[in-house]
Amino acid sequence: MYSNMVTLQTLDTIFYEAQRQGRISFYVTSIGEEAINIASAAALTSDDIVFPQYREPGVLLWRGFTLQEFANQCFGNKADYGKGRQMPIHYGSNKLNYFTVASTIATQIPHAVGAAYSLKMDKKDACAVTYFGDGGTSEGDFHAAMNFAAVTESPVIFICRNNGWAISTPTSDQFRSDGIAVRGQAYGVRSIRVDGNDALAMYSAVHSARHMAVNEHRPILIEAVTYRVGHHSTSDDSTKYRPANEIEWWRMARDPVTRFRKWIEINGWWGSEAESQLRSSIRSQIAERAEKPPVNDLFTDVYDNIPSNLREQEKLLKETINRHPKDYPADVPI
């Protein structure tokens, strides 16, 4: 678990810097929320279906998504499973039961309940798991999904990352309830509030929640209390709406990675040599340079037989590129 938390932290550093250098267009970090990502993933099985928001790449990392696969998606190269059509951080893996990220807030929550209901009808030994932020609970989809799950008694785990901020909107401007857990209780869903920066607490809560969801056919809501240390995204400057010293306190005093490291060091399972070896090995696993997807991939995978209007668009695009080659990336095959 600790190795994956460090890997996620390093991954964020690499791609955040890549965006700042203009090598990718966009990025979202998970800084301060590494324990929620990794510990929850560790408590699940590979058969459990994950419906993420966009701040859970650690779940995919835990399941075996390689650093190169993350790079393929962020750089939109030929090996990207989405063929370069999506903006960075919209990961997905059919093989790893991880639905593709959608930026639209909370739309994944009802989807997870529907999938969980399907698992129940098929008598599968698995559950659906969906992640969302505190801002997601202000959307109607959250409330519809909670009621849907309670009434159908579907094996779904709702994991809310209550990190205090929905972009620039603090929780105090979103609701007057005592956090998120009480909302689940109001819908008849068993709910618990957990310290989201404590990896062991997160693992324990999700492990127990999975057992209840699968064996008792019931939904569970976990409110993981944490803090979004990073900016909302690379398009955001969070120092405009919250004090820098608050961010720094959470970064230094409440960092879940440092906290977990101290515990495993006390137990004699880790040391500075292992730490340096791990951090140096991570960067070597990523190769940025790779061929881009061909232009015609823009027009495939929607229709079985591409209609004439799209064929015409493809023809016109290629003609335009040939007429104005300097205005288009030279590394994209025509």
Side-chain angles (χ1 to χ4, degrees), residues 28 30 32-33 35-37 39-40 43 51-56 102-114 116 127-198 201-206 208-210 212-213 216 218-232 236 238 241-243 246-247 249-250 254 256:
V28 169
S30 304
E33 301 179 39
I36 295 175
N37 271 248
S40 65
F51 291 80
Q53 190 171 338
Y54 43 63
R55 217 177 294 277
E56 297 86 23
S103 283
T104 43
I105 301 300
T107 54
Q108 75 279 10
I109 309 177
H111 299 166
V113 181
C127 65
V129 186
T130 184
Y131 296 81
F132 47 93
D134 47 273
T137 69
S138 298
E139 294 284 346
D141 282 354
F142 166 78
H143 297 276
M146 294 298 288
N147 194 55
F148 181 21
V151 171
T152 58
E153 298 180 326
S154 297
V156 57
I157 305 173
F158 301 98
I159 300 179
C160 175
R161 299 175 291 90
N162 184 352
N163 63 22
W165 297 90
I167 309 184
S168 59
T169 305
T171 52
S172 58
D173 288 349
Q174 292 184 64
F175 49 76
R176 287 292 182 267
S177 60
D178 179 19
I180 310 300
V182 292
R183 297 183 176 196
Q185 292 169 351
Y187 283 107
V189 174
R190 190 175 290 175
S191 307
I192 187 171
R193 179 180 292 157
V194 182
D195 181 353
N197 285 26
D198 182 340
M202 276 303 302
Y203 178 87
S204 177
V206 177
S208 296
R210 186 189 183 279
M212 288 184 277
E216 299 176 26
R218 64 161 67 239
I220 307 289
L221 169 63
I222 297 174
E223 176 187 2
V225 181
T226 183
Y227 187 83
R228 195 196 75 215
V229 173
H231 303 301
H232 172 73
D236 173 48
S238 63
Y241 52 81
R242 56 182 185 171
E246 175 184 295
I247 301 170
W249 183 81
W250 279 91
R254 302 284 293 170

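Along the sequence shown, residues carry numbers from 1. What's counted below: heavy atoms across the whole structure, side chains too, no hydrogens, waters or symmetry copies.
- Checked against ring-ring contact (aromatic ring centres under 6.0 Å, His included), F132 has the following partners two or more places apart in sequence or in another chain: F142.
- A distance of 8.5 Å separates CG in L221 from CD in Q185, rounded to the nearest 0.5 Å.
- The structure places CZ of R55 at 6.5 Å from CG of N163, a figure rounded to the nearest 0.5 Å.
- Although no hydrogens or angles enter the test, the distance criterion places no donor-acceptor pair under 3.5 Å between the side chain of S172 and the main chain of P170.
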Set out, in order, the CA-CA distance, both residues' side-chain angles and the distance that settles side-chain contact (heavy atoms from CB on, under 4.5 Å) for Q53 and I105, then state yes or no. CA-CA 7 Å; Q53 190 171 338; I105 301 300; 3.3 Å; yes
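- Here R161 contributes atom CZ and S40 contributes atom OG; the two are 10.0 Å apart, rounded to the nearest 0.5 Å.
- The distance from the CD1 atom of I192 to the OG atom of S204 is 8.0 Å, given to the nearest 0.5 Å.
- In plain terms, the two heavy atoms of M202 and D195 that are nearest each other are CG-O, 4.1 Å.
- Closest of all the heavy-atom pairs between V229 and G32 is CG2-CA, 3.9 Å.
- Here the shortest heavy-atom pairing between I222 and A209 reads CD1-CB, 3.9 Å.
- In this structure, R183 is not positioned above the aromatic face of F158 in the sense of NZ or CZ being under 6.0 Å from the six-membered ring centre and within 45° of the axis.
- E56 CD to F51 CZ: the interatomic distance, rounded to the nearest 0.5 Å, is 13.0 Å.
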Verdict with supporting geometry, E139 and T104, side-chain contact (heavy atoms from CB on, under 4.5 Å): CA-CA 11 Å; E139 294 284 346; T104 43; over 6 Å; no
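- Judged by distance alone, with hydrogens and angles left aside, the side-chain atoms of D134 form no donor-acceptor pair with the main-chain N or O of I180 at under 3.5 Å.
- Shown here for G184 and M146, the closest heavy-atom pair between the two residues is CA-CE, 3.4 Å.
- Applying the side chain to side chain donor-acceptor pair (under 3.5 Å) rule to pairs touching residues 219-228 yields N162-E223, R193-E223, N197-T226, Y227-R242, Y227-E246, R228-Y241, sequence neighbours excluded.
- With contacts defined as side-chain heavy-atom distances shorter than 4.5 Å, the pair P219/V113 does not qualify.
- Nearest heavy atoms, A106 versus G136: CB-O, 3.7 Å.
- Distance check, rounded to the nearest 0.5 Å: CG of D236 to OG of S168 gives 7.0 Å.
- H143 places a side-chain N or O within 3.5 Å of a backbone atom of T137 that can act as its donor or acceptor partner.
- Scanning both residues, P155 and C127, for their nearest heavy atoms gives O-CB, 3.1 Å.
- Counting only distance, with no hydrogens or angles, the side chain of S208 and the backbone of A205 share no donor-acceptor pair below 3.5 Å.
- Proximity of a side-chain donor or acceptor of S191 to a complementary backbone N or O of V182 within less than 3.5 Å is not detected.
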